[in-house]
Amino acid sequence: MDRRSAMRMLAMAPLATAFRWAPDSVREAAARARQALGRGAPYEPKHFTAHEWDTVRLLVDLIIPKDDRSGGATDAGVPEFMDFMLGDDPDLQTPIRGGLAWLDHECDDRWTKTFVACSDAEHAAGVAFFNSFRDFTASGFFSSKLGVQDLRYMGNTFVAEWKGCPPEALDKLGVRYVD
């Protein structure tokens, strides 16, 4: 498992718990995001205003930017995923849209412009804080007893006999053991 796969798995468990989304809803949102990306035409958000959409796209890429290994959050369809989830769970609309409005309000107070109109330099302190605080939080949680239990990590336990990868995992990967 690579780093991105591990992070994706780590991110899904708390999100599923925090937002109580049904796994089917998450799968459908991810599939719709992939479809939107595959069409090549600009996605038309259904639950965000045009300004909110611009803000979401900028914000998710500040959180998970492109790097030399892979694309960023927008490349992965995260804004489309969020738009679908806002429709699937209308109770999310007020906190998410309220948070986006709060960002604009804060930027207006500090620099007399909206969040999307701010420069990279004006975002830099907030991005650095958020990234380090996110990492600090995740490190603290997943190095705690509760976090390790949440991962269902067995640790360095003695295994009397290795029977190989479970058949369902092999099937999912489309591989098999050579006899």
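We're numbering straight along the sequence, starting at 1. Keep in mind it's a predicted model, so treat the numbers as computed, not measured. Just the heavy atoms: all of them, side chains too, but no hydrogens, waters or symmetry mates, feed the values below.
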**Prompt:** Would you say W111 and V116 are hydrophobically clustered, going by side-chain heavy atoms of ILVMFWY under 4.5 Å?
**Reply:** no
**Complete:** Output for pair (L103 CG, E52 CD), nearest 0.5 Å, gives 11.5 Å
**Prompt:** Are K113 and E122 close enough for a salt bridge, meaning some N to O gap below 4.0 Å?
**Reply:** yes
**Asked** Are V56 and M82 close enough that some pair of their side-chain heavy atoms sits under 4.5 Å apart?
**Response** yes
**Request:** Any side-chain hydrogen bond (donor to acceptor under 3.5 Å, both in side chains) involving residues 53-64? Give me the pairs, sequence neighbours left out, ordered by first then second residue.
**Result:** D61-T74
**Request:** Count the heavy atoms belonging to other residues, nucleotides or ligands that lie under 6.0 Å from NZ of K145, then report whether that count exceeds 12.
**Result:** no
**Fill in**
All heavy atoms of C165 vs all of A169, minimum pair found to be SG-CB, 3.5 Å
**Message:** How close do G71 and D75 get, counting heavy atoms only, and between which atoms?
**Reply:** CA-OD2, 3.2 Å
**Complete:** Across all chains, not counting sequence neighbours, the side-chain hydrogen bond (donor to acceptor under 3.5 Å, both in side chains) partners of S132 are none
**Asked** Heavy-atom distance under 4.5 Å between the side chains of S70 and D67, does that happen here?
**Response** yes
**Item:** Heavy-atom closest pair, residues V60 and P79
**Value:** CG2-CG, 3.8 Å
**Asked** Are the side chains of L86 and I96 in touch, meaning some heavy atoms are under 4.5 Å apart?
**Response** yes
**Item:** CG-CG distance between D88 and D83, expressed to the nearest 0.5 angstrom
**Value:** 11.5 Å
**Contact check, side chains of L100 and F48, non-hydrogen atoms, under 4.5 Å** = yes
**By side-chain hydrogen bond (donor to acceptor under 3.5 Å, both in side chains) - contacts of D109 (at least two apart)** = H105
**Request:** Can you sort out the partners of H51 under side-chain hydrogen bond (donor to acceptor under 3.5 Å, both in side chains), two or more places apart, ordered by chain and number?
**Result:** D104
**Message:** Restricting to ring-ring contact (aromatic ring centres under 6.0 Å, His included), what partner residues turn up for F129, sequence neighbours left out?
**Reply:** F133
**Request:** Please collect all side-chain hydrogen bond (donor to acceptor under 3.5 Å, both in side chains) contacts where either partner lies in residues 162-178, sequence neighbours excluded, each pair once.
**Result:** none
**Request:** State whether the side chain of H123 and the backbone N or O of F115 hold a donor-acceptor pair below 3.5 Å, judged by distance alone.
**Result:** yes
